[in-house]
Amino acid sequence: MRSYLFVPGDSARKLEKGLGSGADALIVDLEDSVAPSAKEAARQVTEGFLREAGKTQSRPRLFVRVNDLASGHTAADLDAVMESGPDGIVQPKACGGADVAHLAAMIAVREAEYALEDGKTKIMAIATETARSIFALGSFRGASHRLTGIAWGGEDLSADLGSESNRDANGHYTDPYRLARSLTLIGASAAEIDAIDTVYTNFRDMDGLAAECRDARRDGFAAKMAIHPAQVPVINETFAPTPEEIARAKAIIAAFENDPQAGVVAIDGEMIDMPHLKRARRLMSRV
């Protein structure tokens, strides 16, 4: 999984366009992009889209961003979409593992009700949207077997902090948001799940997007969220391992498999140890 594209859940036209975007996953949004008065209509549009798109063999994975637990809308969102069998649910404003466990229980009840495979529906948590959530980023490990990724977001956090902007004059994130980003990466690693980078809001600035993707991949993020279909090719290209990287990872893995007792192996004159093997296996898991 390299790219997650947000699509408003109340627009059948945009949802259909999203299917052809090349994104690895669509996040059908019932939260921020849908006005309160349009929630029920969006649920109906989303349910119909999931039902029809789910029949297609060659498609992106289909996630739904429900409204957060404190909103009072989560149960209605799940009731509307779960029968159609989404691949996953995106949990906004997740405040640690307890919130994930709560959502997982709600999902499990509906999987049983609709005769879906137990554990089929995964969870991706957006975990930095409130100041309180920052202090819970170390609590996701073991929260649920459904949890596959943690994402960070700076827009809701800036509103919660009362920031005038989350970026400086050069377009770089300021310190509070760099901290949230770093803790998300560390928290995801501690939980042994993917770290997913936040959206790049200037959808016309492809150079800026590409630079942010490169930085994210360098630091250990596995994927990035997108807000416009035009961003997807840039994200996919940056996060896809190159043929040279794949070949090297295979060589490292093969070297250790050929000598299972070795703690260090030599490849092309370089000493390779266990951290290299771990990185090689992680890269191959994304191929």
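Here the structure is a predicted model, which means the values were calculated and not measured.
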Using side-chain heavy atoms (C-beta onward) and a distance below 4.5 Å, is Leu78 in contact with Val66?
yes
Just by distance, with hydrogens left out, do Tyr177 and Thr198 show a side-chain donor and acceptor under 3.5 Å apart?
no
Output the distance between atom OG (Ser144) and atom CG (Asp99), rounded to the nearest 0.5 Å.
12.5 Å
Qualifying residues under side-chain contact (heavy atoms from CB on, under 4.5 Å), relative to Ala25, sequence neighbours excluded
Met1, Tyr4, Arg61, Phe63
State, to 0.1 Å, how close Lys224 and Cys213 come at their nearest heavy-atom pair, and which atoms those are.
CD-SG, 3.5 Å
For the residue pair Ser3 and Asn236, confirm or rule out a side-chain donor-acceptor distance under 3.5 Å.
yes
Going by the rule side-chain hydrogen bond (donor to acceptor under 3.5 Å, both in side chains), which residues pair with Glu155 if we only count those two or more places apart in sequence or in a different chain?
Asn166
Trp152 versus Leu157: any side-chain heavy-atom pair under 4.5 Å?
no
Spacing of Leu15 atom CG and Thr46 atom OG1 [to the nearest 0.5 Å]
6.0 Å
I would like to know whether Met82 and Met106 meet side chain to side chain contact (heavy atoms under 4.5 Å, CB included); could you show each step before the answer?
CA-CA 10 Å; Met82 280 298 298; Met106 296 174 75; over 6 Å; no
Distance, nearest 0.5 Å, that separates CD of Glu47 from CG of Leu30:
11.5 Å
Below 4.5 Å, heavy atoms only, C-beta onward: do Pro229 and Leu5 meet side chain to side chain?
yes
When rounded to the nearest 0.5 Å, the distance separating CD of Glu212 from CD1 of Ile235 is 9.5 Å
If we ignore hydrogens and angles and just use 3.5 Å, is the side chain of Thr238 paired with the main-chain N or O of Ala210 as donor and acceptor?
no
Test item: Asp10 side-chain N/O and Val34 main-chain N/O as donor-acceptor pair under 3.5 Å:
no
Contact check, side chains of Leu62 and Leu26, non-hydrogen atoms, under 4.5 Å:
yes
Nearest heavy-atom approach of Ala190 to Arg141 is O-NH1, 2.7 Å
If you apply the rule salt bridge (charged side-chain N to carboxylate O under 4.0 Å, His left out), what do you find for Glu52 with Lys55, and how did you get there?
CA-CA 6 Å; Glu52 291 305 313; Lys55 299 174 183 177; 3.3 Å; yes
Do you know which of Asp24, Val232, Leu19 makes side chain to side chain contact (heavy atoms under 4.5 Å, CB included) with Pro60?
Leu19
Could you check whether any side-chain heavy atom of Asp68 comes within less than 4.5 Å of a side-chain heavy atom of Glu129, counting everything from C-beta outward?
no
Between Arg217 and Pro241, the two heavy atoms sitting closest are NH2-CA, 3.7 Å
Inter-residue atom distance Thr128.OG1 - Lys93.NZ, 0.5 Å rounding:
10.5 Å
Side-chain contact test, heavy atoms from C-beta onward, threshold under 4.5 Å: evaluate it for Arg43 versus Glu40 and give yes or no.
yes
Please name all residues satisfying ring-ring contact (aromatic ring centres under 6.0 Å, His included) with His228, sequence neighbours left out, ordered by chain then number.
Phe203
Could you check whether any side-chain N or O of Lys120 sits under 3.5 Å from a backbone N or O of Gly85, counting only pairs where one atom can act as donor and the other as acceptor?
yes
Rounding to 0.5 Å, atoms CG (Leu147) and CD1 (Ile89) come to a distance of 13.0 Å
Any Val64 side-chain heavy atom under 4.5 Å of Asp77 side chain:
no
Hey, does the side chain of Asp29 reach the backbone of Ser33 with a donor-acceptor pair shorter than 3.5 angstrom?
yes
So Ile126 and Arg65, do their side chains get closer than 4.5 Å, heavy atoms only?
yes
